[in-house]
Amino acid sequence: QSTPGSPLFRHYLTPAQFAAEFAPTPASYMRIARTLQAAGFRVTRIYGNRTMIDASGTAAAATGLFKTQIHRVVQSRHGIRYANATAATIPASLSSDVLTVAGLDNFVKMRTNSLVTHQHPTGSPGAGDSGAPIERIVGGTFEGYYPTAYAKAYKFPNQLGFNGQGQSIGIVMDSDIPNSDLQSFWTAARINRTGKFHRITVDTYPGVNVDESESALDIEESSSLAPAADVDLYMIADLGDPSVEDGYNLVLEQHAVDVVSSSFGTGELDDIPFAVATENLAIQGAAEGITFLAGAGDWGAYAPGVAEDGSLYYEPDGVILPAADPHFLAVGGTQLTIDPKTGARVSETAWNFDPTYMMGGGGGV
């Protein structure tokens, strides 16, 4: 699939082909569902790719099946939550079919990557050539670049007429965004959008919340750099493991996008079950020709994590998931200066870490 010259180069699998060749058999999949039901769980969702099963149950059901204890804890900024005191033990009867269990805690583990910085590049503010804005000036202060600037600086395909026609972009995020916000941005940036914008509610509609800025950033930039491509916003309930995994799996099941992007993360060593689950989802995406992208993080060489008692911490020299996964394309931040008149890239350096604000391009060991 990935070797140019091979007769199977880019001959990707359909979801049905993946399920037939690589997923658990229908019999073993339903055996897992029946085991959950017999233990007191209610199966709330099954998937056509037989990769995941959603189930809901009591703490007693979780304790009985997975041999752990569920405790109430306080998570900073999120109040009373629940969490398993010890790692889950998968029953021997299921060990050959089940890789990992998510949802024995409802910690909000992921954190979004949007942080505001102020840069003042050389050159006076200007609208650029071709009547397209390059710099966003608010009250006389430089507040960032419009998509036109990135398209010119990096010589994006839309500069040569390749506008994303026939392509689809998926965004997985835990907040909706008002149509008026999107339209205002496209108007200000002078983007002629011809692609469609769809919203898909994964589990529970999250509404518009504090993570709207991340949704706005991801949707506005991608939809502007590929103005004829469709953009699908997969709205997940929150940034907990089950919600994120359900979002990724629905992307695979629907098979409606060519690339899926997410801008959140947690420490690589902080959430091993999530690492196992998302690794296998991304491998399935690769087999089906869907590219998974993830932000490398905005905390420099520190990885944000959630301790067992729910408190937040930063792990030195850490990298974040899901960007650390080898089947995700990690995308990091830089400090970029663009000529406001021509759109040419003047200079670009790594986004160096600022310990005062705990901000910088993601990296680590």
Side-chain angles (χ1 to χ4, degrees), residues 24 28-47 50-111 172 174 201-207 209 211 235-250 264-281 304-313 321-322:
S28 62
Y29 188 66
M30 295 313 298
R31 182 168 59 84
I32 297 169
R34 288 193 298 271
T35 301
L36 288 166
Q37 291 170 329
F41 287 89
R42 178 172 58 90
V43 173
T44 58
R45 188 172 192 167
I46 59 175
Y47 294 86
R50 302 193 296 276
T51 300
M52 293 173 55
I53 294 177
D54 290 354
S56 176
T58 64
T63 299
L65 184 60
F66 299 112
K67 301 300 184 286
T68 185
Q69 294 182 352
I70 307 297
H71 291 184
R72 286 191 180 93
V73 296
V74 177
Q75 182 179 7
S76 175
R77 297 186 297 181
H78 297 286
I80 299 294
R81 315 297 283 184
Y82 61 82
N84 52 311
T86 57
T89 299
I90 297 172
S93 61
L94 302 181
S95 60
S96 62
D97 293 319
V98 176
L99 282 171
T100 187
V101 178
L104 293 177
D105 66 66
N106 67 342
F107 285 149
V108 178
K109 296 181 180 178
M110 308 290 154
R111 279 183 260 180
V172 175
D174 66 322
T201 299
V202 177
D203 291 319
T204 303
Y205 176 64
N209 56 52
D211 286 334
M235 298 179 293
I236 56 179
D238 54 41
L239 293 180
D241 290 0
S243 297
V244 175
E245 292 166 22
D246 279 358
Y248 287 160
N249 202 52
L250 188 59
F264 46 73
T266 188
E268 179 183 35
L269 303 180
D270 186 57
D271 199 351
I272 300 303
F274 178 79
V276 173
T278 51
E279 160 80 351
N280 281 271
L281 292 171
V306 180
E308 290 183 359
D309 63 358
S311 61
L312 304 177
Y313 68 92
L321 291 169

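For clarity, every value in this text was computed on a predicted model and none was experimentally measured.
- Side-chain contact between Pro91 and Phe66 is present, with heavy atoms from C-beta onward closer than 4.5 Å.
- Residues meeting the salt bridge (charged side-chain N to carboxylate O under 4.0 Å, His left out) test with Asp246, sequence neighbours left out: none.
- Looking at Asp211 and Phe264, their side chains never come closer than 4.5 Å, going by heavy atoms from C-beta outward.
- Taking Asp174 as the reference, nothing meets the side chain to side chain donor-acceptor pair (under 3.5 Å) condition, with sequence neighbours excluded.
- Under the rule for a salt bridge (charged side-chain N to carboxylate O under 4.0 Å, His left out), Asp238 has no partner lying at least two apart in sequence or in another chain.
- Within the structure, every pair that satisfies the salt bridge (charged side-chain N to carboxylate O under 4.0 Å, His left out) test and touches residues 270-280, not counting sequence neighbours, is listed here: Lys109-Asp271.
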**OP:** Evaluate the criterion side-chain contact (heavy atoms from CB on, under 4.5 Å) for residue pair Val43 and Gln37; output intermediate values, then yes/no.
**Re:** CA-CA 7 Å; Val43 173; Gln37 291 170 329; 3.8 Å; yes
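- Residue Ala55 comes nearest to Thr44 through the heavy atom pair N-OG1, 3.8 Å, listed as atom of the first residue, atom of the second, then distance.
- Remark: Pro206 engages Asn209, Met235 in a side chain to side chain contact (heavy atoms under 4.5 Å, CB included) (not counting sequence neighbours).
- Among residues two or more places apart in sequence or in another chain, the side chain to side chain contact (heavy atoms under 4.5 Å, CB included) test is passed with Ala237 by Thr204, Ser243.
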Subject >> Worked verdict on Leu65 versus Phe41 for side-chain contact (heavy atoms from CB on, under 4.5 Å) >> reply: CA-CA 10 Å; Leu65 184 60; Phe41 287 89; 4.0 Å; yes
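- Here the straight-line distance linking atom CG of Leu36 with atom OG of Ser56 works out to 11.0 Å at 0.5 Å rounding.
- Across every non-hydrogen atom of Glu245 and Leu281, the tightest pair is O-CD1, 3.9 Å.
- Taking Ile90 as the reference, Leu94, Val98, Val101 meet the side chain to side chain contact (heavy atoms under 4.5 Å, CB included) condition, with sequence neighbours excluded.
- Closest non-hydrogen pair, Gly265 versus Pro304, comes out as O-CG, 4.4 Å.
- Every side chain to side chain contact (heavy atoms under 4.5 Å, CB included) that Thr63 has, sequence neighbours left out, goes to Ile70.
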Sequence neighbours excluded and cut-off under 3.5 Å, please list the side-chain donor-acceptor pairs for residues 80-87, or say none.
residue, atom, partner, partner atom, Å
Arg81, NE, Asn106, O, 2.9
Arg81, NH2, Asn106, O, 2.6
Asn84, ND2, Thr86, O, 2.9
Thr86, OG1, Thr68, OG1, 3.1

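- Considering all non-hydrogen atoms of both residues, Ala33 and Ile53 come closest at N-CD1, 3.9 Å.
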**OP:** Could you check Val172 against Ile236 for side-chain contact (heavy atoms from CB on, under 4.5 Å), going step by step and ending with a plain yes or no?
**Re:** CA-CA 7 Å; Val172 175; Ile236 56 179; 4.0 Å; yes
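- Among residues at least two apart or in separate chains, salt bridge (charged side-chain N to carboxylate O under 4.0 Å, His left out) pairs with a member in residues 34-47 are Arg45-Asp203.
- Shortest non-hydrogen contact noted between Pro242 and Ala102 is CG-C, 4.2 Å.
- Contacts classified as salt bridge (charged side-chain N to carboxylate O under 4.0 Å, His left out) and involving residues 85-95 (residues at least two apart or in different chains) are not found.
- No more than 12 heavy atoms of other residues, nucleotides or ligands lie within 6.0 Å of CD in Gln69, so this atom counts as exposed by the packing criterion.
- For Arg31, the salt bridge (charged side-chain N to carboxylate O under 4.0 Å, His left out) partners are Asp97, not counting sequence neighbours.
- Checked by atom type and distance alone, the side chain of Tyr47 never pairs as donor or acceptor with a backbone atom of Asp54 at under 3.5 Å.
- No side-chain heavy atom of Met110 sits under 4.5 Å from any side-chain heavy atom of Leu321.
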